Amino acid sequence: MIQVRPLTFPQDFQWGFAAAAPQIEGAAFEDGKEPSVWDTFARIPGKVLNGDTLDIACDHYHLYEKDLALMAQLGAKNYRLSISWPRIQPTGRGAVNPKGIDFYNRLIDACLQNGLTPWVTMFHWDLPQALEDDFGGWRDRRTAEAFGPYAETLVKALGDRVKNWITLNEIFCFTQDGYGNGTKAPGAKESEQVVNQTYHTALLAHGYAVRAVREFGGPGARVGITDNPIPTIPLTETERDIEAAQKAFIEINSRVLEPLYRGEYTEAYFKTVGEDAAQFKADDFKLISQPTDFLGLNVYTGQFVRAAEPQGYEILPLPASYPTADATWLAHAPQAIYWCARHVAEIYEVPSVIITENGAGYDDAPPVNGEVLDLHRRDYVRNYLKELHRAIGDGVPVEGYFLWSFMDNYEWMDGYQRRFGVVYNDYATQTRTPKLSAKWFSRVIAENRIV
Ligand code: GBH
């Protein structure tokens, strides 16, 4: 007879859903919230598909109780949410908006009532517009200095119930894309040197936030950052290609991971940025490289690498026929999750890896007879989970997996067309319909194995 070996996860493996405030909350100008850079950016013609704004989004600000109940019904035990800085501090500095604190108090309480452990991201790209206007946003270290008191406010207000803190989400996206390519808010197109400076400011902000958690987090508080390094997949799993993939990983991701884990800008960093390095003060790295408790990884796609001279590696372009999601940047490369987790464990010896996001964006059609048969998304996730399971089997310390995303939401410059949810959202009626992928994922959680 056939011997089936179930793909079971460790007993204490943490399953959950991920989402972010600006993408789901709506209520963009309610209860004292002032605009974020995204509220401004979305109003610039041509920047976001169909001119979609974040004004209403999934109206989660008003519907959160129902949403959390559905999440719990699907069996999730963890929820990664983010907090809107301009809701807490409308101008990014000074007086705290009591209604902002009230909302997150209610949200966290509702998580706990539903058996959901909150994992809180302090910043998921919605910088208060006032900081962009007054300081130049992430170009200027005053923004990092403002982040410290903001983080402290959060930790003091919510730290009795929140024990898992994520300082920043994907530095690359709000620096390189925000100030370099201009595809994300604030939509600037600065020199490489300025872009590298925005990375440095972000790293400092992370450092201030780590300090806030250490000082005021109370018993059991943990802190980490979520990064989206480009996963480098060895073309073949042979020594030569693996070594090449490691080298490529270090170099192409050197702007964030090297200062965080090596406590300086390294040779790999200077090799990558050349003469456009960030300016820094000697003490900065004490703040930036404080030890953290876990590293969050957002993994969607990867790049294939093989050994080659003279630099030791070659990154292979993906052919046009390579399978992708409707989000065309999202090439279907399940090994990316294995290699990304393994690289950070092997190179930086991170104590714990958490997949803080993984998922797929498609332009799903509305439910038919109450069903969305998103086998494309289901199989995408299933294949990535198999590779994650393999990583755990090989000894990579992976502690949890958060699916991006709970429900369809505001997909940044792709607006509402591009859907990453496992729950379908009808924006006209704010009706939520779990897709096939949600029901399947719910069984995975219940059985703690790939079904
Ligand atoms: C995550 O970002 C975000 O954290 C989340 O908010 C978002 O909704 C989710 O993923 C899905 O996108 O230059 O054309 O090759 C993912 C960020 C988006 C970064 C695509 C790299 C490359 C675009 N990635 N981007 S392209």
Side-chain angles (χ1 to χ4, degrees), residues 16-25 36-38 41-42 47-49 52 54 57-58 60 80-84 119-127 166-185 187 189 195 199 202 224-232 252-253 255-256 296-303 315 317-318 320 322 324-333 336-337 340 354-364 377 380-381 384 401-423 425:
F17 290 114
Q23 295 176 272
I24 61 171
E25 282 179 2
S36 77
V37 290
W38 268 95
F41 181 76
K47 292 293 187 187
V48 176
L49 190 68
D52 288 344
L54 309 80
C58 306
H60 179 72
R80 175 176 177 238
L81 58 97
S82 90
I83 290 184
S84 157
W119 294 65
V120 174
T121 307
M122 294 171 170
F123 181 76
H124 200 121
W125 311 354
D126 45 352
L127 185 75
I166 296 164
T167 57
L168 305 174
N169 181 68
E170 297 189 352
I171 290 179
F172 171 92
C173 287
F174 65 86
T175 59
Q176 197 82 52
D177 281 352
Y179 294 86
N181 316 323
T183 52
K184 293 195 176 86
K189 288 189 175 141
V195 174
Y199 275 94
I225 190 172
T226 280
D227 190 25
N228 60 326
I230 295 173
T232 53
I252 64 183
N253 299 305
R255 289 178 177 84
V256 174
L297 293 177
N298 292 353
V299 182
Y300 290 89
T301 188
Q303 299 206 320
I315 296 172
L318 286 179
Y322 194 87
T324 68
D326 289 343
T328 51
W329 56 269
L330 212 165
H332 191 130
I337 207 166
C340 199
I354 297 164
I355 303 301
T356 41
E357 292 181 24
N358 171 241
Y362 290 95
D363 302 347
D364 300 299
R377 181 175 294 98
Y380 170 97
V381 173
Y384 277 65
Y401 174 94
F402 291 75
L403 179 55
W404 183 274
S405 186
F406 171 63
M407 60 183 154
D408 297 331
N409 58 54
Y410 185 79
E411 180 50 20
W412 309 113
M413 59 280 199
D414 293 331
Y416 294 105
Q417 178 172 308
R418 186 62 33 78
R419 294 169 181 272
F420 273 81
V422 292
V423 171
N425 191 36

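Counting convention: from 1, in listed order, for ligands and their atoms alike. The structure presented is a predicted model; accordingly, all values stated were derived computationally and were not measured. Heads up: numbering here begins at 1 and tracks the sequence.
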Evaluate the ring planes of Trp412 and Trp38, with Trp represented by its six-membered ring, and classify them as parallel (under 30°), tilted (30 to 60°) or perpendicular (over 60°). tilted
Mark yes or no: Arg255 above the aromatic ring of Tyr199, with NZ or CZ under 6.0 Å from the six-membered ring centre and no more than 45 degrees from the axis. yes
Does Asp363 form a salt bridge (charged side-chain N to carboxylate O under 4.0 Å, His left out) with Arg418? I'd like the steps, not just the answer. CA-CA 5 Å; Asp363 302 347; Arg418 186 62 33 78; 2.7 Å; yes
Ligand 1: protein residues within heavy-atom distance under 4.0 Å: Gln23, His124, Trp125, Asn169, Glu170, Cys173, Asn228, Asn298, Tyr300, Trp329, Glu357, Trp404, Glu411, Trp412, Phe420
ring-ring contact (aromatic ring centres under 6.0 Å, His included) for Tyr410 and Tyr416? Distances and angles first, verdict last. CA-CA 5 Å; Tyr410 185 79; Tyr416 294 105; 5.2 Å; yes
Looking only at atom types and distance, does a side-chain atom of Asp177 sit under 3.5 Å from a main-chain N or O of Thr183, one as donor and one as acceptor? no
Kindly write out the residues that satisfy side chain to side chain donor-acceptor pair (under 3.5 Å) with Gln23, not counting sequence neighbours, or none if the list is empty. Asn409
